[in-house]
Novice: 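Mind looking over this structure? Questions follow.
A quick note: this is a predicted structure, and the numbers were derived from the prediction, not measured. The residues of the chain are indexed from 1 along the displayed sequence.
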Amino acid sequence: MKRIVIAIGGNYPDQHKKSVYLNSIEKIFTEMGKMIAENDVVITYSGSCNENKPSPTAIMNSYDHVKYTYGYSKDIISLLTRIEVKSYHDSWNDSATKDKLINGNIQEEELGNLKIEKCLEPLDIPEKSAIMTLLSDGYLPLVIGAGFPVIKELQYYKECRGIVNNYSSSSLLGTLIEADEFIIISECSSYSGSISVTDSDCLKSIRFHNLMAMYKNGRFAGSEMDSKIKPMLDFISKGGKKAILMTLNMNTEIVVTL
């Protein structure tokens, strides 16, 4: 039995593509149902829902439909989580934006236009023990909360404004619960415009050091893959055994191992 974290979709502030999740969630559960039933699996989902994304309730209903159709026994439980991040002073280089964030004056439209590299760095997930308890009790945790960053003050947490990359926080969760595999199912239906045919072939099965070299050389800079590969590399570098990137159509684009 393996421990696996599956991150469904991102929550980037400049992501404007219409999601087709409602037509795809059930397909994901159908194709991954056996794997979910036979392993310790956690599913993460961005807390930033909009009209183009299904609600957590819709995801749970889709899973239940597949569960009863195929005779699986594992129940799904949703769990809101917080993501501890660095303080604004440590995370934001733009002094004007930093001041606005600290004073609580930044507007949502301004926040939505910030670049992806401005995402706050996740440090911890306070609810990690609860997630482990659900796993040990045989449940499928659906973790909702990449959109809820907090900062730690003494022994308490304080809500803060900012963006946390769902894939980065999911990668961190995988590290915290000592998962064997980390799977990203992105909102993209294809990466054909992001990588060359040659790169596509080698990425189907690539070693960590080779992918890290490609990443550091800027091979994916500005592409749809750029923001997914770093969390995958982070997961492997911190003890994970395998990281996989899949499209919404369930096509495997990258499989990286040590």
Side-chain angles (χ1 to χ4, degrees), residues 4-32 35-36 41-56 58-59 62-63 83 112 115-117 119 122 142-147 163-174 179 181-197 199-206 211 214-215 219-236 240 242-257:
I4 304 167
V5 172
I6 302 174
I8 300 181
N11 60 328
Y12 300 119
D14 64 346
Q15 191 170 39
H16 300 301
K17 295 183 177 180
K18 282 188 175 292
S19 172
V20 291
Y21 276 157
L22 280 173
N23 298 323
S24 303
I25 288 293
E26 193 155 323
K27 178 180 178 181
I28 290 172
F29 286 133
T30 298
E31 296 198 16
M32 291 190 158
M35 179 188 72
I36 291 171
V41 176
V42 178
I43 293 176
T44 69
Y45 184 66
S46 165
S48 56
C49 298
N50 57 47
E51 63 182 1
N52 297 315
K53 296 176 104 174
S55 67
I59 294 176
S62 292
Y63 172 76
I83 309 297
K115 295 181 179 180
I116 289 174
E117 59 263 29
C119 287
L142 173 64
V143 175
I144 312 293
I163 301 294
V164 181
N165 178 349
N166 184 43
Y167 301 133
S168 294
S169 59
S170 300
S171 174
L172 173 63
L173 175 60
E181 294 186 11
F182 174 44
I183 301 173
I184 289 176
I185 304 177
S186 79
E187 289 190 335
C188 295
S189 57
S190 173
Y191 285 103
S192 58
S194 301
I195 54 174
S196 66
V197 174
D199 283 345
S200 179
D201 291 337
C202 77
L203 289 172
K204 299 292 184 183
S205 179
I206 189 169
L211 184 61
M214 294 173 69
Y215 181 78
R219 187 75 65 88
F220 309 102
S223 75
E224 292 278 5
M225 280 190 172
D226 185 51
S227 53
K228 287 87 171 174
I229 290 178
K230 186 178 184 300
M232 296 171 69
L233 291 171
D234 288 343
F235 175 73
I236 297 293
K242 181 187 289 187
I244 301 170
L245 173 63
M246 305 179 72
T247 65
L248 197 58
N249 295 328
M250 303 299 290
N251 294 322
T252 300
E253 299 291 333
I254 299 178
V255 178
V256 54
T257 59

Novice: Could I get the full list of side-chain hydrogen bond (donor to acceptor under 3.5 Å, both in side chains) partners for S171, not counting sequence neighbours?
Specialist: none
Novice: Within the 4.5 Å heavy-atom criterion, are I43 and I59 side-chain neighbours or not?
Specialist: no
Novice: Quick one: does T257's side chain get under 4.5 Å of E181's, heavy atoms only?
Specialist: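 No, their side chains stay 4.5 Å or more apart.
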Novice: For V164 and S169, which heavy atoms make the closest approach, and how far apart are they?
Specialist: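 So the minimum-distance heavy-atom pair works out to CG1-CB, 4.1 Å.
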Novice: Which pair of heavy atoms, one from F182 and one from Y167, lies closest together, and at what distance?
Specialist: CZ-O, 3.6 Å
Novice: Can you confirm whether I254 sits close enough to M246 that some side-chain heavy atom of one is under 4.5 Å from a side-chain heavy atom of the other?
Specialist: no
Novice: Against L211, only a single residue in I236, V255, V256 fulfils side-chain contact (heavy atoms from CB on, under 4.5 Å); can you say which?
Specialist: V256
Novice: Check whether any side-chain heavy atom of E253 lies under 4.5 Å from a side-chain heavy atom of T247, and answer yes or no.
Specialist: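 They are in contact (side-chain heavy atoms under 4.5 Å apart), so the answer is yes.
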Novice: Which heavy atom in G9 sits nearest to a heavy atom in N166, and how many Å separate them?
Specialist: O-ND2, 2.6 Å
Novice: Distance check, rounded to the nearest 0.5 Å: S62 atom OG versus I25 atom CD1?
Specialist: 6.5 Å
Novice: Go through the structure and list residues passing side-chain hydrogen bond (donor to acceptor under 3.5 Å, both in side chains) with K230, not counting sequence neighbours.
Specialist: D234
Novice: Please examine the side chains of M250 and K27, heavy atoms only from C-beta on, and report whether any two atoms are closer than 4.5 Å.
Specialist: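 When only atoms from C-beta onward are counted, M250 and K27 do touch, with a gap below 4.5 Å.
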Novice: With rounding to the nearest 0.5 angstrom, report the NZ to CD1 distance, K204 to I244.
Specialist: 11.5 Å
Novice: So, taking the atom named CD1 in I28 and the one named CD1 in I36, what distance separates them when rounded to the nearest 0.5 Å?
Specialist: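 The CD1 atom of I28 sits 9.5 Å away from the CD1 atom of I36.
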Novice: For the atom pair OG (S168) and CE (M232), what is the distance rounded to the nearest 0.5 Å?
Specialist: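 Spacing of OG (S168) from CE (M232) equals 12.5 Å.
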Novice: If only atom types and distance count, is the side chain of Y45 paired as donor or acceptor with the main-chain N or O of P54 below 3.5 Å?
Specialist: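 Present.
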Novice: Testing the basics here: between M214 and F220, what is the closest heavy-atom pair and its distance to 0.1 Å?
Specialist: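 Minimum heavy-atom separation between M214 and F220: CE-CZ, 3.7 Å.
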Novice: Would you say K228's side chain and I184's backbone share a donor-acceptor pair under 3.5 angstrom?
Specialist: no
Novice: I need the F29 CZ to M35 CE distance, nearest 0.5 Å.
Specialist: 10.5 Å
Novice: Give the minimum heavy-atom separation between L245 and S186, together with the two atoms involved.
Specialist: CD1-CB, 4.3 Å
Novice: Closest approach of T44 and A7, non-hydrogen atoms and distance?
Specialist: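 In this case the closest contact between T44 and A7 is OG1-CA, 3.2 Å.
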Novice: For residues V5 and I183, determine if any side-chain heavy atom of one lies less than 4.5 Å from a side-chain heavy atom of the other.
Specialist: no
Novice: Any side-chain heavy-atom pair from V42 and L173 closer than 4.5 angstrom?
Specialist: yes
